Amino acid sequence: MKRPRKPRPKSASEVAARRVPVNGPAVAASATIGDTDPLADARIRPLLERYCGLAGVKQAALGPDHSKLSLPQAERPFFRDRASLRVAFSLDALERDPDAEIAVLGSPFLSQLIEAIRARAARLSLGLIAPTGAADPKRMELTIPVRDGTVKRSTTRVAVHPVGRLVARVVLRAGAGVEEAVVESDVYDLSAGAKVGDDVAGAFGDLEAGRVQPADPSHAAKAAAVPAREPADLLRLVLSHLQEKSAERVAARRAAAEQALATELGRLDRYFESILKEQSDPEAVGTVTALAERRRTEEIRRSQVKAVVHPLQLIEAAVLMQRAEWQLESARGRTATFSAQRPLSGAAAWSMTCPHCGRPPATLVICRHDHCGCEACSSRCSVCEEDFCADHGITRCRVDEQPACEEHARVCQSCRMAHCSVHEGVCAEGGHMACSECLAACGSCARIVCNRHAEQSHADAPKGSRRLCSECLRYCEGGTNEPVGVDEVTQCASCGNSVCTAHQAVCAVDGQVHCSQHLRRTDQSRRLVCARHRAACTEESGALFASDEVEACASCGKLVCAGHSAECAEDKRRHCVTHLEPLHDANGSYGCAEHRKQCHMDGQTFTLHGVKECPVCGKDACARHRAPCGYCGRHVCTADLGQQSRLCATCAQLAVVADPPDEAVAAARAVTGQAPKSSRAWRVARDRSHLVVELDLGLRRKAVFTMRHGDSEPDSIVKHSLLGSKQRK
């Protein structure tokens, strides 16, 4: 532990004020602090010495501010199982013995001592304070008025009252600061609940300090003992006094915490402001703003002043009192006893105090539970108009702020606040009771429900801000799960979740409402489609399309989008780009593999009618790459046509045959109109599709005709003469 800085020197009067004589076994072992500079609170050393005397701990003085403790076996667990330890009460003693324990607030030694006291020495009885006077023979009259009541009779007797004071440790926490102090209450009459006079308090101090001896118990043998109040009631009175004594310390701690809080909140605001400047996305801005609010709330909560009180020891004694008692009766027949007391020690006068708060009453009020209190501690029920004390009712109904007795007081099951029976009703959810402040009609079904079973919709909801019961409450999935009414939503066609009319969207394909989790925009058209109507193009698998934006290829069956498909100009069906080629004889049109042909000369594609089969080679050729043969008249591809001779490759290969085929002879008869003469020369050539025959007609005339394989009729006839060529068919 870090050693605290040495405080300033004390004056002689301050040092003398800290000298506390003690009695018991520790007196011989202890010495006066003298001129040393005490570091610990003045209450710690007497507390330690009283504990040593009660617990059998041997205390040996090593100096005026230095002691050695020898612990019995039963006390060692409280001090880390040590058989002995040394305690320093000042910085000088700590410098002389660095291994000693320092007796200062917040030190480990003080925490160990407090635990030992609370376990072994929580109560110290000093005995009877010696009486110095006799009872007053005069009859005591009650001068305090009784509200709506009368005094029936009075008695006077001598009784023994317990008096005492409480020593407690008070820990104040606020933010990062922690302050600890040992606080003593004033001396109280533990039965009457009032602070005793200076004479009795002085006699109590003398008895506690050992300056006087307790009186012989025989002095109080004939007096009846008045029991102390219940521990909870007694603790309430004493703690209220400790709170008053600590008010200045609490105010100082609160002021320091508020100053530190303002500094920290300013730092947080600057930090999150710099982060928000870097954000452009609305969702990111909302996230950072929510985080900033949460951090501010945490810091404000952490900076609140919290006090923890640990009762350490109750020091008590007995006092002989002359006690006067009066029987009181109210107009409603309620009875109560009020007493006044005068201590027989010292010259104190009669004391009349409120049995509840211990203060002098201005007016006595009889509680409906047959005891009395002062006007400040009592109230009149707004329902039955009977008086009651603070322990048997509530001082303020949360609805009309009027008091109510215990019989007519209620605790709302919704807000957990107190109210009277007049302002309560039944919640339709579960049938439990609640205060009228928490009950209101549902904005949708008009049922009366409490706040715990209702929720308020946002102002931007379709029907505005409304109170909604649990049966009418829905959470819109289309936004950020904001509460809306059942009459403001439509179910998602995919999952059944609720979507309000302000945030709903429909699928572009089926026209039904879907939630945001089941709707996505297509990549090209930006249309919203549900999961059931999404599709992908085979040629662009990473892109999202609607189901009506893709179509199966008529050739391979794969789904393709409009950008990767087109219609065939012939069958008007859609095919993917893999199975389509542009047609050069139909501008902007495409043809599928079944409805297009390719020119073997340049490899370009054409419609089925855009190319013709070359009769020589049997290959397709377009019109640009076809030309007529000057001899047989057939259109052949330019590859099979002689550039100079303008004869096709078949005509260039005509050869003389002696025995022409029968079908050629029959065809020649049709060409010439008569049977050809056998002396005429026949020249014949064959290609992929035709049989080409040349007939010599004489006079340098020739007839060339072609026949398709398997046919008996000529396909084309060209006659050549000196006058030129003439195609007949």
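Predicted, not measured: the structure shown is a model, and the values here were computed from it. In this chain, residues are counted from 1 in sequence order.
Taking each heavy atom of V288 and F272 in turn, the nearest pair found is CG1-CD2, 4.0 Å. Minimum heavy-atom separation, M352 to E141: CE-O, 3.8 Å. The two residues H408 and V383 have their closest heavy-atom pair at CD2-CG1, 3.5 Å. Heavy-atom minimum distance, H219 versus L320: O-CD1, 3.7 Å. Listed here is the closest heavy atom pair of C420 and C397: N-SG, 3.4 Å. Between P343 and A349, the shortest heavy-atom contact is CD-O, 4.1 Å.
In this structure a side-chain-to-backbone donor-acceptor pair under 3.5 Å is present from S345 to A130. Checking side-chain atoms of S379 against main-chain N and O of T395 turns up no donor-acceptor pair under 3.5 Å. Not a single donor-acceptor pair under 3.5 Å links the side chain of D370 to the backbone N or O of A336. A side-chain donor-acceptor contact under 3.5 Å links S185 to the backbone of L166.
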Worksheet entry | side-chain contact (heavy atoms from CB on, under 4.5 Å) between L328 and T150, intermediate numbers included | CA-CA 6 Å; L328 311 179; T150 57; over 6 Å; no
Worksheet item: Passes side-chain contact (heavy atoms from CB on, under 4.5 Å), V160 versus V226? Steps please.
Response: CA-CA 6 Å; V160 178; V226 179; over 6 Å; no
Fill in: Full working for side-chain contact (heavy atoms from CB on, under 4.5 Å) between C374 and T363
CA-CA 6 Å; C374 67; T363 303; over 6 Å; no
Item to complete: Could you please spell out the steps behind the salt bridge (charged side-chain N to carboxylate O under 4.0 Å, His left out) verdict for E455 and R467?
Response: CA-CA 6 Å; E455 191 165 344; R467 181 187 184 90; over 6 Å; no
Worksheet entry | Trace of the side-chain contact (heavy atoms from CB on, under 4.5 Å) decision for V426 with I448 | CA-CA 8 Å; V426 180; I448 304 299; over 6 Å; no
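Rounded to the nearest 0.5 Å, atoms CG (L468) and OG (S457) are 5.0 Å apart. Atom CH2 of W326 is separated from atom CG of L142 by 5.5 Å, given to the nearest 0.5 angstrom. Distance check: D400 CG to E437 CD gives 10.0 Å after rounding to the nearest 0.5 Å. In this structure, S498 OG and Q491 CD are separated by 6.0 Å, a value rounded to the nearest 0.5 Å. Interatomic distance, SG of C412 versus NE2 of H423, reported as 13.0 Å (0.5 Å rounding). Separating the CZ atom in R323 from the CH2 atom in W350 is a distance of 10.0 Å, to the nearest 0.5 Å.
Within 6.0 Å of CZ on R396 lie no more than 12 heavy atoms contributed by other residues, nucleotides or ligands. Counting non-hydrogen atoms of neighbouring residues, nucleotides and ligands closer than 6.0 angstrom, the CD atom of Q456 exceeds 12 such neighbours.
Side-chain contact between Q341 and T353 is present, with at least one heavy-atom pair separated by less than 4.5 Å. V486 places none of its side-chain heavy atoms less than 4.5 Å from the side chain of L473. Between C450 and H432 there is a side-chain heavy-atom pair separated by less than 4.5 Å. E264 has its side chain within reach of R267: a pair of non-hydrogen atoms, C-beta onward, lies under 4.5 Å apart. Here the side chains of E115 and L113 are not in contact, with every heavy-atom distance at 4.5 Å or above. Looking only at side-chain heavy atoms (C-beta outward), S414 and C427 stay at 4.5 Å or farther from each other. With a 4.5 Å cut-off on side-chain heavy atoms, T155 and R153 do not count as touching. Proximity of S444 to C469: side-chain heavy atoms (C-beta onward) are nowhere separated by under 4.5 Å.
Ion pair E273/R270 not flagged as a salt bridge, since none of the NZ, NE, NH1 or NH2 atoms sits closer than 4.0 Å to an Asp/Glu carboxylate oxygen. In summary, D148 and R380 engage in a salt bridge, as defined by a charged side-chain N under 4.0 Å from a carboxylate O. In summary, E429 and R452 do not engage in a salt bridge, as defined by a charged side-chain N under 4.0 Å from a carboxylate O. Salt-bridge formation is detected for the pair D387/R147: a Lys NZ or Arg NE/NH1/NH2 atom is positioned less than 4.0 Å from an Asp or Glu carboxylate oxygen. Looking at K463 and E488, no side-chain N of the basic residue comes within less than 4.0 Å of a carboxylate O on the acidic one, giving no salt bridge. Using a 4.0 Å cut-off between a side-chain N of Lys or Arg and a carboxylate O of Asp or Glu, D269 and R296 qualify as a salt bridge. Here R466 pairs with D487 in a salt bridge; the nearest charged N to carboxylate O distance falls below 4.0 Å. Using a 4.0 Å cut-off between a side-chain N of Lys or Arg and a carboxylate O of Asp or Glu, R301 and E298 do not qualify as a salt bridge. Residues E325 and R157 are paired through a salt bridge, judged by an N-O separation under 4.0 Å between the basic side chain and the carboxylate. Taking the charged nitrogens against the carboxylate oxygens, E407 and R368 do have a contact shorter than 4.0 Å, which makes a salt bridge.
Checked by atom type, the side-chain pair S436/E424 shows no donor-acceptor distance below 3.5 Å. Using modelled atom types, one finds no donor on one side chain facing an acceptor on the other under 3.5 Å when comparing E316 with Y188. Of the N and O atoms on the side chains of R334 and H369, not one donor lies less than 3.5 Å from an acceptor on the other residue. In this model, a donor atom of one side chain and an acceptor atom of the other lie less than 3.5 Å apart for H161 and S191.
Ring geometry for H392 against H371 counts as tilted: the plane angle lies between 30° and 60°, on a 0 to 90° scale.
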